[in-house]
Amino acid sequence: MERKEAVILRTFQTYRNQYVYDRHTNSIFAVSPVEFEEFKQVERGILPYDKSAVIAKYQKEGMFLPNVVKKLYHPQSEIVEQNAERLLSQLILQVTQQCNLRCAYCAYSGIYEGNRVHSAHHMEIETAKKAIDFFFAHSVDKARVSLGFYGGEPLLEFDLIVKCVEYIKQKNEGKKIQFGLTTNGTLLKGRYAEFLAENEFDIGISLDGSKKEHDACRKFPDGSGSFDIVINHVKELAKRYPDYVKEKVKFFTTVNPYMDLGCVLNYFDSSELIDNRNILFNTMVDVNLKDGVFYQESYYQIKNYEYVRMLFAMTGKLEDRYISRLIVGNVDRIDRLWKSLHQKKALQAVSYQGGPCLPGILRLFVRYDGSFFPCERVNENLDYYKIGSVEDGFYLEQMKTLLNIGKLTEEECKKCWNLRHCLVCSNEIEFHGKEKPLKEDKLNVCHASQEATEFELYQLCVLKEFGYTPKTEVLWV
């Protein structure tokens, strides 16, 4: 007897309504209480879908059709080679693995399982030139490209950066080039600042709020804080290049358990030096941590308060200016989710999850020794993430492997209601002591992805009940 494929759906309810999500058409809609109960029976396998009058009703509209997904395979896989040959967008050079600070939460501080730590390794100019040559040879169809410099603290290799910029300008033939780097700000003065401003670098300066909060983590090796030095350099930069600072300088704040989040927000709200629109908040990464992260109770209270203000603003009860930079990323995610739904794009027999980006094509990270990685976030100590080198070029098959991380759990993914919204990237998967992640390693992060999507769908439906419509304009720049 031929096996019947399941109808894949998800039910949930808000205080006001009952909802059903149809994976096949990527649609979500409110249903009556009676219909909702029948949908739940189908979802739980109590009622066969072909015995459900409610399912039959909606199938006439092209919805809730039996699962058609037979294979997980990223559609870009077949053109990885073509894209890698001509469409590289961003080159990031790791000019050094050394840093003059020893920040408590740093990815390279030793608190993360298996990650590298700070070292004396740095990039030689010949390696940098080979990487730049490779990048230009493989970005011929891109009119605009970006080139970044990464550490450690990249300004420790300032002379190398200067040589690279000069070489890039010599090699460039008509492309619009944007330079960038992220710095701890301790060296951002004199000829360093002058060079970056004259070459219109996009700069990200790490600043964790007030002196007390910043110095709690961002310290020199002798234990002294870096706030006073950084803020004086920012003041001087703003004095000499006010327009440049306004347009090109951002401040990165890492939310971590050592800070008082309320003091951080108060500092930025009252600062005459730093424009709130130029603050970008990141939360300390908790993947691969050797020990747990424990935040103060006030952290959760403040996050919840700012979240509620965001909800009021999105439903027209407050002005947009009351949405905190701390929480503004939620607005973007909600808008993207809204726009992705109800496009009536039926699933195909060959499908894929949306987490992995095009490895090395959107961002090509080159380690100090010329090794290629898909971005600067992956663990360089794991050969699994290495996708080539300046000597060998790209390892195309490994790029395809990273792109198709969903193959690890293909059978589960084919039946998962969250397939269309799953954003699991291989970098989120922990696989200590192994050459590559296994099925069970990926399954460990699948549940969290499902929970995140279910919350976002619930959140969207509640907002819609209170009058939310997506913004067409950019909220923050």
Side-chain angles (χ1 to χ4, degrees), residues 90-96 99-101 103 128 132 144-172 175-211 213-215 218 220 225-254 264-265 267-282 321 325 328 376 474-477:
Q90 182 178 14
L91 175 66
I92 304 172
L93 300 178
Q94 186 191 68
V95 292
T96 180
C99 187
N100 59 336
L101 294 186
C103 302
I132 293 165
R144 300 171 64 91
V145 295
S146 60
L147 292 104
F149 301 92
Y150 189 81
E153 169 51 50
L155 290 180
L156 289 173
E157 292 293 331
F158 176 71
D159 291 339
L160 174 61
I161 292 173
V162 171
K163 292 176 183 177
C164 287
V165 170
E166 291 173 348
Y167 187 70
I168 289 164
K169 289 181 175 180
Q170 293 172 12
K171 297 289 293 185
N172 182 39
K175 292 184 186 296
K176 172 65 176 176
I177 297 179
Q178 183 57 55
F179 298 109
L181 60 78
T182 299
T183 175
N184 60 37
T186 59
L187 301 175
L188 193 58
K189 62 179 181 177
R191 67 188 184 104
Y192 294 64
E194 182 179 1
F195 176 83
L196 297 178
E198 288 179 351
N199 287 277
E200 297 186 315
F201 267 67
D202 285 322
I203 302 178
I205 301 175
S206 298
L207 183 67
D208 285 353
S210 66
K211 176 178 173 64
E213 309 311 320
H214 180 95
D215 285 349
R218 305 194 62 79
F220 289 98
S226 59
F227 177 84
D228 290 336
I229 293 173
V230 174
I231 210 69
N232 286 333
H233 290 167
V234 172
K235 288 178 180 177
E236 183 62 25
L237 190 67
K239 179 180 178 181
R240 294 184 63 188
Y241 309 102
D243 292 338
Y244 169 72
V245 170
K246 183 177 180 180
E247 295 176 10
K248 293 289 188 179
V249 176
K250 305 292 184 195
F251 296 90
F252 295 154
T253 297
T254 299
V264 173
L265 295 178
Y267 173 80
F268 288 127
D269 284 341
S270 60
S271 174
E272 296 180 359
L273 176 64
I274 299 169
D275 191 325
N276 240 334
R277 291 172 297 179
N278 290 343
I279 307 296
L280 300 175
F281 286 94
N282 299 299
R321 63 189 177 91
R325 291 294 298 184
V328 72
E376 71 279 13
V474 177
L475 221 122
W476 301 91
V477 293

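Under the 4.5 Å side-chain criterion, counting only non-hydrogen atoms from C-beta, T96 is not in contact with F149. Annotation: side chain of I161 is in contact with side chain of L181 (closest heavy-atom distance under 4.5 Å). Within the 4.5 Å cutoff, no side-chain heavy atoms of L207 are placed close to those of V234. By the 4.5 Å heavy-atom criterion applied to side chains, D202 and Q178 are counted as neighbours. Contact check for L188 versus I205: side-chain heavy atoms found under the 4.5 Å cut-off. No side-chain heavy atom of K246 sits under 4.5 Å from any side-chain heavy atom of D243. With a 4.5 Å cut-off on side-chain heavy atoms, E194 and L196 do not count as touching. Between L265 and F281, some side-chain heavy-atom pair lies under the 4.5 Å cut-off.
A193 approaches L237 most closely through the heavy-atom pair CB-CD1, 3.7 Å. Of all heavy-atom pairs spanning G190 and R240, the tightest one is O-NH1, 4.1 Å. The two residues C99 and G152 have their closest heavy-atom pair at CB-CA, 4.1 Å.
Within the 3.5 Å criterion, the main-chain N or O of K189 finds no donor-acceptor partner in the side chain of H233. Formation of a donor-acceptor pair under 3.5 Å by the R325 side chain with backbone atoms of I279 is found in this model.
For the side chain to side chain donor-acceptor pair (under 3.5 Å) condition, the pairs that include at least one residue of residues 144-155, sequence neighbours left out, are Y108-Y150, E153-T183, E153-N184.
A search for side-chain contact (heavy atoms from CB on, under 4.5 Å) contacts involving T254 returns Y105, D208, M284, not counting sequence neighbours.
A salt bridge links K211 with D228: the closest approach of a Lys/Arg side-chain nitrogen to an acidic carboxylate oxygen falls below 4.0 angstrom.
Using a 30° and 60° split on the angle between ring planes, F201 and F179 fall in the parallel class, below 30°.
Taking the six-membered ring for Trp and the full ring otherwise, F195 and F158 have centroids separated by under 6.0 Å.
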